[in-house]
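The residues of the chain are indexed from 1 along the displayed sequence. Quick note: numbers below take in every heavy atom, side chains included, and nothing from hydrogens, waters or symmetry partners.
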Amino acid sequence: MLSFNLTSIVNLVGFIFFMLLMYKLLYKPYFEITDKRKQEVEKNLSEAEKLRLEAQNKKNELDKQLQEIEEKRTK
């Protein structure tokens, strides 16, 4: 049968203290760092998409200009 003595209680309290300490020192900073990194990646992706759209618009404008020049040249 299970018997609880002072050693078991001290071990349990020590384990709980250790888990709280690890949470405070390791888990919490780790998740803060990963959240910051995730935000940075999302920001970079949205900026890259914006730049891609701008480049596509510029390309379309240049294609129109080139087509106009070609039409003028053929006339």
Side-chain angles (χ1 to χ4, degrees):
M1 198 73 177
L2 291 175
S3 64
F4 291 101
N5 54 20
L6 185 59
T7 306
S8 300
I9 294 171
V10 170
N11 283 337
L12 181 63
V13 170
F15 179 74
I16 291 171
F17 176 74
F18 175 75
M19 292 304 292
L20 291 173
L21 185 65
M22 289 296 105
Y23 175 76
K24 191 76 166 169
L25 294 177
L26 296 176
Y27 295 125
K28 195 173 181 182
Y30 171 76
F31 286 116
E32 287 175 359
I33 291 169
T34 56
D35 287 341
K36 286 179 185 176
R37 178 69 179 144
K38 181 181 176 184
Q39 290 172 353
E40 183 179 332
V41 167
E42 288 174 353
K43 179 183 140 195
N44 289 340
L45 286 174
S46 66
E47 185 176 331
E49 180 65 20
K50 178 184 166 190
L51 291 173
R52 187 190 68 77
L53 290 174
E54 287 178 11
Q56 184 66 36
N57 290 338
K58 293 235 184 224
K59 181 186 177 292
N60 290 341
E61 289 175 16
L62 291 174
D63 285 343
K64 286 179 186 177
Q65 288 178 358
L66 181 62
Q67 187 178 14
E68 290 172 3
I69 291 171
E70 296 262 341
E71 288 175 2
K72 286 181 183 178
R73 187 177 60 106
T74 57
K75 288 182 183 179

Polar side chain donor-acceptor pair, N11 to S8, under 3.5 angstrom: no
Close side-chain approach of E49 to L53, heavy-atom, < 4.5 Å: yes
Contacts of L51 that satisfy side chain to side chain contact (heavy atoms under 4.5 Å, CB included) - sequence neighbours left out: E47, E54
Path from L25 to I33 over hydrophobic side-chain contacts below 4.5 Å: no
I9 reachable from I16 in the ILVMFWY side-chain graph, under 4.5 Å edges: no
hydrophobic_cluster_shared for F15 and L6, side chain cutoff 4.5 Å: no
In one Ile/Leu/Val/Met/Phe/Trp/Tyr side-chain cluster, 4.5 Å: Y27, L20: no
Connected via hydrophobic side-chain network under 4.5 Å: F18 and L26: yes
Could you pull out all donor-acceptor pairs under 3.5 Å where a side-chain atom in residues 64-75 meets a protein atom, sequence neighbours excluded?
| residue | atom | partner | partner atom | Å |
| --- | --- | --- | --- | --- |
| E70 | OE1 | R73 | NH2 | 3.1 |
| T74 | OG1 | E70 | O | 3.3 |
| T74 | OG1 | E71 | O | 2.8 |

Short N-O contact, E40 and K43, less than 4.0 angstrom: no
Nearest-0.5 Å distance that lies between atom CZ in F17 and atom CE in M22: 9.0 Å
Intermediate values then yes/no, side chain to side chain contact (heavy atoms under 4.5 Å, CB included), K59 and D63: CA-CA 6 Å; K59 181 186 177 292; D63 285 343; 3.1 Å; yes
